[in-house]
There are 2 protein chains.
Amino acid sequence: MSTQNSAAAAGRPVLVTDVLRERIVEGDLPPGTPLRDVALSAELGVSRNTLREALRTLHDEGLVTQQLHKGTAVKTLSAEDVTDIYIARRTLELSAIDASPLAPEPLLDAMEAKVAAAELAVSAEAWDKVGTASLRFHQSLVALLCSARLDGFFRVTIAQLRLAFAVMADQGAFQAPWVARDREICDLVRGGRRADAAAALRLYLDDSERTVLDAVRANSRTTTAAKGKR
Amino acid sequence: MSTQNSAAAAGRPVLVTDVLRERIVEGDLPPGTPLRDVALSAELGVSRNTLREALRTLHDEGLVTQQLHKGTAVKTLSAEDVTDIYIARRTLELSAIDASPLAPEPLLDAMEAKVAAAELAVSAEAWDKVGTASLRFHQSLVALLCSARLDGFFRVTIAQLRLAFAVMADQGAFQAPWVARDREICDLVRGGRRADAAAALRLYLDDSERTVLDAVRANSRTTTAAKGKR
DNA sequence: GAACTGAGACTGTTGAACAATCTGGTTGCC
DNA sequence: GGCAACCAGATTGTTCAACAGTCTCAGTTC
């Protein structure tokens, strides 16, 4: 009766996986950080085997890299990863707009609620929360497709994208325009103007990809320079 | 994702995962089969912990179900799973046709090669191979999107679909028309007639979904009846 | 300065052990 | 006879300790 499991029964490995995933996508464990199983298992109070299971799941989710006998480390996104992720985003999000006329009303409401939440974060100037809130809107957009599998894939993909966010310089108030564009897209979808919504989303994703790519390239330059200098 | 490095650097857990996945999608281990770790680890010559890691990966891939303290079993697809999977198929495959004009030529050649392989299986009357060969064509279609992540997701999704194939009555020569339609779609894509290709693929997936749904429903009826009788 | 070498650290994997939980059958009671 | 409590075996979830294989890196040697 020590720790009540409020939700459905979850084994320890998934608990540990959730903790580590949170730390990684939140930037607490920056890309490149080695994840030593003996140290982590001691810190989290679980056995090495349990921790290894968690690391394997994170590997399957693309959040960490595993090299035989070299261990596990938080993944550093390459430029190819970013373009790959944005192909997936365009595919799913544009398809979702296509399918929006068939989507049940509650899902559209949920989508609007996510935009509102993002706007709230902006007006509260909680810049560290804005990026996450915006991504939640895009997640709810994909949810219009009504496929749990696509939802899960998109969630994992977005988590990977946050690996890049973690190393980006904090943009502060410069994040507000993204939310305004989220609102525009959301309203166009709700208004049934699919073509306009798709066009706006396309531009949005192009701009977003460019921004993230620049950040990733800048980061890779500094890290390789640091390594070279050493 | 997990089965990429054919050459070296493959730990035992991924080896075991590959073996079990193969047995499952090949129908060797039919849906509902319990996977007892102690027996399996002995049979495969690995420790229980190693086997457990493999089972977790298969769970993450949606090929098995895991209930706390009730163990692991080969997943039985529900009707909802099938519709879910076909939403994903429509989303990815139709998007791939949209993107086909931008796809590099070698990928289009590879796609055509997969159709030819399927046709070869038909003319050889190797009916047990035809379904797999056809799915490989659809995999190569999605590959036109040029996203490793989408490729991996589609591979996993198709593997789940094969769980349904495994319980379907062997249709023998009735599988030939599917390959003819694959050929038609392939040629339309190569000819740049995207709209026609998309229309043909849409009909194809509708028919395919209906077929699989019927099989899954028939199977669930028999299994529930059998359980009730017992 | 480059190649060899050896110690230490870490990973990969195993086997045994124990607690918690599920399952099916048995007992006892009405 | 039917039903509930219950008990024993089986299976899972998790831990721990151990060992071999491999990598890293500093020190040594030429």
Side-chain angles (χ1 to χ4, degrees), chain A residues 1-20 24 29 32-60 63-76 223 226-230, chain B residues 2-5 7-20 24 29 32-60 63-76 223 226-230:
Chain A
M1 208 177 278
S2 50
T3 52
Q4 282 284 15
N5 280 345
S6 55
R12 277 188 224 219
V14 318
L15 263 284
V16 173
T17 305
D18 290 345
V19 169
L20 288 179
I24 291 172
L29 297 170
T33 306
L35 302 176
R36 308 252 170 62
D37 53 13
V38 54
L40 270 182
S41 59
E43 177 185 343
L44 297 179
V46 298
S47 83
R48 247 178 100 210
N49 288 318
T50 300
L51 190 97
R52 277 176 73 72
E53 276 191 52
L55 290 182
R56 179 159 298 277
T57 295
L58 293 176
H59 171 71
D60 292 343
L63 290 178
V64 303
T65 60
Q66 282 186 322
Q67 290 180 25
L68 200 60
H69 288 137
K70 288 185 68 175
T72 307
V74 180
K75 171 145 185 168
T76 302
T223 52
K227 190 158 80 174
K229 204 175 72 168
R230 193 172 59 91
Chain B
S2 51
T3 62
Q4 51 193 3
N5 283 342
R12 277 189 225 218
V14 318
L15 265 284
V16 173
T17 305
D18 290 345
V19 169
L20 289 178
I24 290 172
L29 296 170
T33 307
L35 302 176
R36 309 253 169 66
D37 53 14
V38 53
L40 270 182
S41 60
E43 177 185 343
L44 297 179
V46 298
S47 84
R48 244 179 104 211
N49 286 317
T50 300
L51 190 95
R52 251 173 159 291
E53 275 191 54
L55 291 182
R56 179 159 298 277
T57 295
L58 293 175
H59 171 71
D60 292 343
L63 291 177
V64 303
T65 60
Q66 281 186 321
Q67 291 180 27
L68 201 60
H69 289 133
K70 289 186 67 177
T72 307
V74 180
K75 169 145 188 170
T76 302
T223 52
K227 190 156 79 175
K229 204 175 71 171
R230 192 169 61 91

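Everything numeric in this text was worked out from a predicted model, so none of it was measured.
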Find the distance between [atom1] ([X]) and [atom2] ([Y]) and round it off to the nearest 0.5 Å.
X     : Y     : atom1 : atom2 : value
B:H59 : B:L35 : NE2   : CG    : 13.0 Å
B:R12 : B:L44 : CZ    : CG    : 12.0 Å
A:L40 : A:L51 : CG    : CG    : 5.5 Å
B:I24 : B:K75 : CD1   : NZ    : 12.5 Å
B:D60 : A:T57 : CG    : OG1   : 4.0 Å
B:L63 : B:L55 : CG    : CG    : 11.5 Å

Quick one: label A:Q66 by what it contacts on the DNA or RNA (base, sugar-phosphate, nothing), any heavy atom closer than 4.0 Å.
->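 Answer is nothing: A:Q66 stays at 4.0 Å or more from every strand.
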Residues from residues 44-55 of chain A lying under 4.0 Å of DNA chain D - heavy atoms =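 The stretch gives A:G45, A:V46, A:S47, A:R48, A:N49, A:T50 as the residues lying under 4.0 Å from the strand, ordered by number.
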End-to-end axis angle, where each axis spans five pairs of the helix from C:dG1-D:dC30 to C:dC30-D:dG1, to 10° =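 Between the first-five-pair axis and the last-five-pair axis there is 0°.
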Please list each protein N or O that sits under 3.5 Å from an N or O in nucleotides 6-10 of chain C, with the distance.
none

Shortest non-hydrogen contact between A:S41 and A:V38, atoms and distance =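 Between these two residues, the closest heavy atoms are OG-O, 2.9 Å.
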Nearest heavy atoms of A:D37 and A:R52, plus distance in Å =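 Heavy atoms only, the tightest pair is OD2-NH1, 4.0 Å.
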Atom pair distance, as rounded to whole Å: CZ in B:R12 and C1' in C:dT11 |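 For the pair B:R12 CZ and C:dT11 C1', the rounded distance is 13 Å.
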Can you tell me the distance, in whole Å, between the CG atom of B:L35 and the P atom of D:dT11?
->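 Rounded to whole Å, this separation is 14 Å.
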Would you please confirm or rule out a distance under 4.0 Å between OP1 or OP2 of C:dG12 and any side-chain N or O of A:K70?
->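 No, no such contact exists.
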Is any side-chain heavy atom of A:Q66 closer than 4.5 Å to a side-chain heavy atom of A:T72?
->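 A side-chain contact exists here, since the closest heavy-atom pair is under 4.5 Å.
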So which of A:V16, A:T17, A:D18 actually passes side chain to side chain contact (heavy atoms under 4.5 Å, CB included) with A:L20?
->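 Of all the options given, the one that passes is A:V16.
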